[in-house]
Amino acid sequence: MPSFPKEKVRNIGIVAHIDAGKTTTTERFLFYTGRSHKLGEVHDGQAVMDFREDERNRGITISAAATTLTWKDHRINLIDTPGHVDFTAEVERAMRVLDGAVVIFDGVEGVEPQSETVWHQADRYHVPRIAFVNKLDRTGADFDAAVASIRDRLGARPIPIQMPVGSAETFAGIVDLVEERYLTFEAESLGRTVVSGPIPEALAAEAATRRGGMIEALAEIHDPLAELFLAERPIATSDLKQALRAATIGRAAVPVLCGAALRNAGVQPLLDAVCDLLPSPLEVGPAHGIDPRDGKPVERLPDDKAPFAALVFKIQAAEAADLFYLRVYSGTLESGGRAWNPRTKERERLRRVLRMHADRGEAVETVEAGDIVAVGALHRSMTGDTLCDEGRPVLLEPIRFPATVVSIAIEPKTSADRDKLAEMLPRLRREDPTLGVSTDPETGQTLLSGMGELHLDVVLSRIDRDFGIKLGSGKPRVSYRETVRARAEGTAEYRRVVAGDALFAKVSLSVEPLQDCAATPEVIDRLGAGAVPASLVPAILESIANAANGGGLYGYPVVGIRATLLAAEFAESGQPEIARVSRGAPGGRRGRARAVRKARGARSGGIRRRRDEDAPAAPRDRGGHGVPPRRRGRPRRGPDRRDVRIPDRASVAHAGAGLVLARAARLPSAPRKSLRPPRKAPALDARRRAGLTLRKPRLNPKGVAGNESRRRRFEEEKTP
Ligand SMILES: Nc1nc2c(ncn2[C@@H]2O[C@H](COP(=O)(O)OP(=O)(O)OP(=O)(O)O)[C@@H](O)[C@H]2O)c(=O)[nH]1
Ligand SMILES: [Mg+2]
């Protein structure tokens, strides 16, 4: 089968703030290109691209959806992305693989917060874009103000290539400044018929002024046009189109179009602009990666004859088999052929290659450079993996996903639900790399973490509805991080008597902020030789890192700091075995307990006594995330587990480091609470609300419950 001419392929994404009209515009694309025969509306729950049940119920896009359209000899592979901040990772992966983007703005609001985010994502991946100012039929719509906000808030160079005629209820049509035509969209045919006529007399002067402004702006960045302009020679439409295309692809300017997708106005000219102004895969240049064998940089040209290279950018959990979305950068591969995954060092067979149309797939025989397709059931590939030619391997740059910011405790209702959940969670995580699964160290409960409360709510309802797993869940909590704003020094002493043995340590530290306030803490040793036994230094450094991780002033992990160990004193008296045991003796919990007993010798009751004197209170039921911990036959935190909590050298240093960190954070520099403020929980159903009761925490300033109470106090202060 002859391959589709690559210069006529466009891989584009539709990105914007929530509700700007991405899906509404995409539905018109589908309708006018003949891909769908009915106009699906988001507000009727009928949008083809929002095919998931939760998308239709909530009226928002949650998961990016792909389709392929044909418009004027061009093949447009399009991804409609969600605008809600909780699903920003969907935009990230789309940006990673797309060659161009249509950024939609609300004609009333102009640039909104998420417009800025997607704009910067596009900047990061060097994606050329065109802007579409939508909703000009809304009261208060102001095209010029929206263009000004693109310039002022995004620091871009917007060049309007259209002019709206009227606004809000008087919005009547569009003047195409390049072709100098007046376009109206016939209501009876749902905008299918575009009437193109001469610019009405009354609009001619304004259109001419705006056209002059467009040419001047383009002449500033496009030399051939500048020459024509300065020589006052006639400028043909083709000259203008050429200049616009070069400026867009070179990311020197952003052409701005306008319309009202819901009123079916301005959509076909936008499709024309996608074909005329955005780049083909050939114009984007080679994909960059490294050779996994020697780490040397390699390039892959968008050429069918080059070795095969593709990136897995999305995995969609489906009932029958998961679907893996690929962007092919070079080479070709037959359906059923094998590709090499350099990360897993395994061959993967590309079975069932599909060109996706929202939730439907159309089988294709061959994938080639520039394609975006989905394949069924890869074995161990993950999002961000490269699939390539085994003989000429390449590792393409993976996709970066943001850290999770909110977590919630979940509790399966029955043991059958627990088993199903254990099977489902890895699949859900594979689909959604921004979903975290961990175990609460305080309660042993499963914690789901995600990008926001809406994200977690969507995941929970999906677990319930799609997989029939019944869960109790707690209160979503923001995963705050703390950092310090200024350098501070401090010294802490640790004196404890453990079963008659005196332990002593004194640690001096400085703590200072790093430039990157979200960076993992750096710990540096500046101790003079012989200050403490050399074997102790790694333990102290590790303990400082653990102390930072264990929580600062408000009990949240401390990030973005450099802690420097300035001085340390240490006195050891007996019980070296205990120290060793505590740092992890072989043989698991029981093995460690046995070792402790052995270390204690014949002193009966020693363990119990030590626990009474010293060990933190049993970490049971601190109500961390508001769900009672599950009951098991055997208590999770039995005596043998607590044996290993005896302070050892590491925990001595830990205590000192913890104090210093806390003091540093308490200085006038004031802690910096990074990340976002808590947002209002979305409506949770009554059943889950029932799970929100918080148990009163048992306070213990030394143990984790101390963190817990600090965090709770902080959150109570913060929550409006
Ligand atoms: N008045 C008016 N409303 C519009 C227009 N375009 C879209 N809408 C409405 O705006 C709402 C949101 O539209 P969507 O297309 O779902 O917006 P979206 O950008 O896809 O939203 P998310 O995917 O959830 O981020 C819907 O109710 C649309 O009917 C328009 O041109 N004019
Ligand atoms: Mg949408």
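Ligands are counted one by one from 1 in listed order, and the atoms in each one are counted from 1 as well.
Here the rule is salt bridge (Lys or Arg N to Asp or Glu O under 4.0 Å) with R58, and of D457, D86, D19, D50 only D457 fits it. If you run side-chain hydrogen bond (donor to acceptor under 3.5 Å, both in side chains) between T68 and each of T33, N77, N11, only N77 comes through. Across R129, R10, R327, a single residue satisfies salt bridge (Lys or Arg N to Asp or Glu O under 4.0 Å) together with D99, and that is R327.
When hydrogens are left out, the protein atom nearest atom 17 (O) of ligand 1 is G21 N, 3.2 Å; that is the closest non-hydrogen contact.
V178 places a side-chain heavy atom less than 4.5 Å from the side chain of M214.
Counting backbone and side-chain atoms alike, T61 contributes an N/O/S atom closer than 2.8 Å to the Mg ion (ligand 2).
If you look at D80 next to ligand 1, there are no close heavy atoms at all, none under 4.0 Å.
The shortest N or O to N or O distance between A261 and ligand 1 is under 3.5 Å. Checked by distance only, ligand 1 and A20 come closer than 3.5 Å through their nitrogen or oxygen atoms. Polar contact with ligand 1: present for G83 (N/O pair, distance under 3.5 Å). At least one N/O-N/O distance between T24 and ligand 1 falls below 3.5 Å.
Using a 30° and 60° split on the angle between ring planes, H455 and F87 fall in the perpendicular class, above 60°.
Ion pairing between a basic and an acidic side chain is recognised when a charged N comes within 4.0 Å of a carboxylate O; E283 and K6 show no such pairing.
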